[in-house]
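Atoms within each ligand, like the ligands themselves, are counted from 1 in listed order.
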Amino acid sequence: MTATQNATASIERADHGDRSAPAAPSGHDVVVRGARKRYGAVEALAGIDLEIEAGRFMVLLGPSGSGKSTLLRGIAGIERFDAGSIRFGRATISEGHKSVPAERRNLAMVFQDYALWPHMTVLQNVGYALRRRHLPAGVARSRVLETLERVGLDSKADSYPHELSGGQQQRVALARALVGRPALLLFDEPLSNLDADLRERLRVEISTLTRESGATALYITHDQAEAFAIADEIGVLRAGKLEQRGTPEEIFGHPASPFVARFTGLAGSFSGIAIGDRDGYWAVRVGDHELRCKAATGVNAATFVDLLIRPTATSLEFADARYRGVSRLANDAVDLIPATVVDVAYRGRGYDHVVECVYGRLTSVFDVSAWARGTSCLLRLDPDGCLAFPNSATIS
Ligand code: ADP
């Protein structure tokens, strides 16, 4: 038995004392306070507070090793925190020596490697999650079939996992998680093993079926695009700490730190010196240019800054556009920087460019048309996607 099968088995030993699950279940809030976990010299969780509102879809985003799995597994009851508490609704689930076992936490988990029983059919795998509910056989069977239908696999009820594709296997795992109508659904990088198009389709299914179920959801991933696409709220983890928490729009528009900005996607960065207010933005001197941007706390006049640039803030214009009357806006020259196209990559709906200017190189500069390598152009920067942080080298 693999570790994840073991974990699934322990969660699925669920007997919630609820033999006729409610027709319209809904999740409860989840509150974690002061979660700490150490593995030898490694501090996997360095004191985390996390609240998830009932019925919300929360994604924990962070690089490998940032503590996502440890936090998820602690909430699942597969691991114990060294310190801290967990509350589900009004119930204390873990605090001090008290710890409600995984199977009594009324939750289900979907794993990266599916963790299906190879010797059981699809029907049996999903039905296994109901075995302690003591439902009449016919009721259990129809509930399993109905759940399989919702994930589009009713025709595969008698197949074995090895007869299914990866995407189908993960759908079985999703059905198995949903069939017991748990109050909390946990997802451990469930799309990581799937091809790109399948990932997208299954992401939509996870998103819609989880929200339909009314359960509270906690989902971990290192993929920022996946996190932005599926989350009501994102918590960004770094080295065992929660660096920022907010809606996808808040995290993207107002990253709390250069780490969060970098981890959620940058075209690149320039170095500069903050000057002062301009047009409701901050002006930053970068070489010969004064670029407008949004500034983080700690940026004052004369502060050395890193100007972090979102890909969405970049666009390309013809080098002589101003002279040809293509664009004659006020402040026209302010956020335009001469640049050269270094590389171009076809992305289906358009092209991503790498451009080089005197202040550095920017990647993921999008245009619906391709700009040939070597073309001289003007790089336009939208101040809403340029974020100034005090330069890390100048912070004591
Ligand atoms: P993530 O899920 O973000 O990749 P993890 O929670 O798996 O991060 O791990 C956080 C840190 O704890 C990492 O440095 C990892 O190597 C360490 N770690 C996790 N589980 C164990 C374990 N069972 N034994 C030793 N170290 C562990």
ask   = Which of the listed options, Thr221, Thr70, Leu61, Leu45, holds the heavy atom that is closest to atom 6 (O) of ligand 1?
value =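 Ranked by closest heavy atom to atom 6 (O) of ligand 1, first place is Thr70.
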inquiry  = Going by the closest heavy atom to atom 10 (C) of ligand 1, which one wins out of Ser64, Gly40, Gly65, Pro63?
reply    =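 Residue with the shortest heavy-atom distance to the ligand atom: Gly65.
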ask   = How long is the span from the OH atom in Tyr219 to the OG atom in Ser207, to the nearest 0.5 Å?
value =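 Tyr219 atom OH to Ser207 atom OG measures 9.5 Å (nearest 0.5 Å).
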Numbered atoms of ligand 1 (with element) below 4.0 Å of [X], judged on heavy atoms:
X	answer
Ala44	10 (C), 11 (C), 12 (O)
Ser66	1 (P), 3 (O), 8 (O)
Lys68	1 (P), 2 (O), 3 (O), 4 (O), 6 (O), 8 (O)

ask   = Relative to each other, are the rings of Trp117 and His119 parallel, tilted or perpendicular (30° and 60° limits)?
value =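 Trp117 and His119: perpendicular rings.
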Which residue and non-hydrogen atom of the protein lie closest to [atom], and at what distance in Å?
atom	answer
atom 7 (O) of ligand 1	Ser69 CB, 3.7 Å
atom 18 (N) of ligand 1	Tyr39 CD1, 3.3 Å
atom 8 (O) of ligand 1	Gly67 N, 3.2 Å

Is it possible for you to check whether [X] lies under 6.0 Å from the centre of the six-membered ring of [Y], through NZ or CZ, and within 45° of that ring's axis?
X	Y	answer
Arg310	Phe252	yes
Arg176	Tyr114	no
Arg262	Phe259	no

task = May I ask whether atom 15 (C) of ligand 1 is less than 4.0 Å from at least one protein heavy atom?
result = no
Salt bridge Asp197-Arg201, side-chain N to carboxylate O under 4.0 Å =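 Yes, this pair counts.
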ask   = Applying the salt bridge (charged side-chain N to carboxylate O under 4.0 Å, His left out) test to Arg245, which of Glu53, Glu250, Glu51 qualifies?
value =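 So, applying the salt bridge (charged side-chain N to carboxylate O under 4.0 Å, His left out) to Arg245 and each of Glu53, Glu250, Glu51, only Glu51 qualifies.
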ask   = Should Val368 and Arg349 count as side-chain neighbours, where that means a heavy-atom distance under 4.5 Å?
value =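 SC-SC contact between Val368 and Arg349 ruled out.
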message = Contact between ligand 1 and Gly62 is defined here as a heavy atom of the residue under 4.0 Å from a ligand atom; is it met?
response =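 Gly62 does not count as a contact of ligand 1 under the 4.0 Å cut-off.
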request  = Could you say whether the N/O atoms of Ile220 and ligand 1 ever approach to under 3.5 Å?
outcome  =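 No - when backbone and side-chain N and O of Ile220 are compared with those of ligand 1, no distance drops under 3.5 Å.
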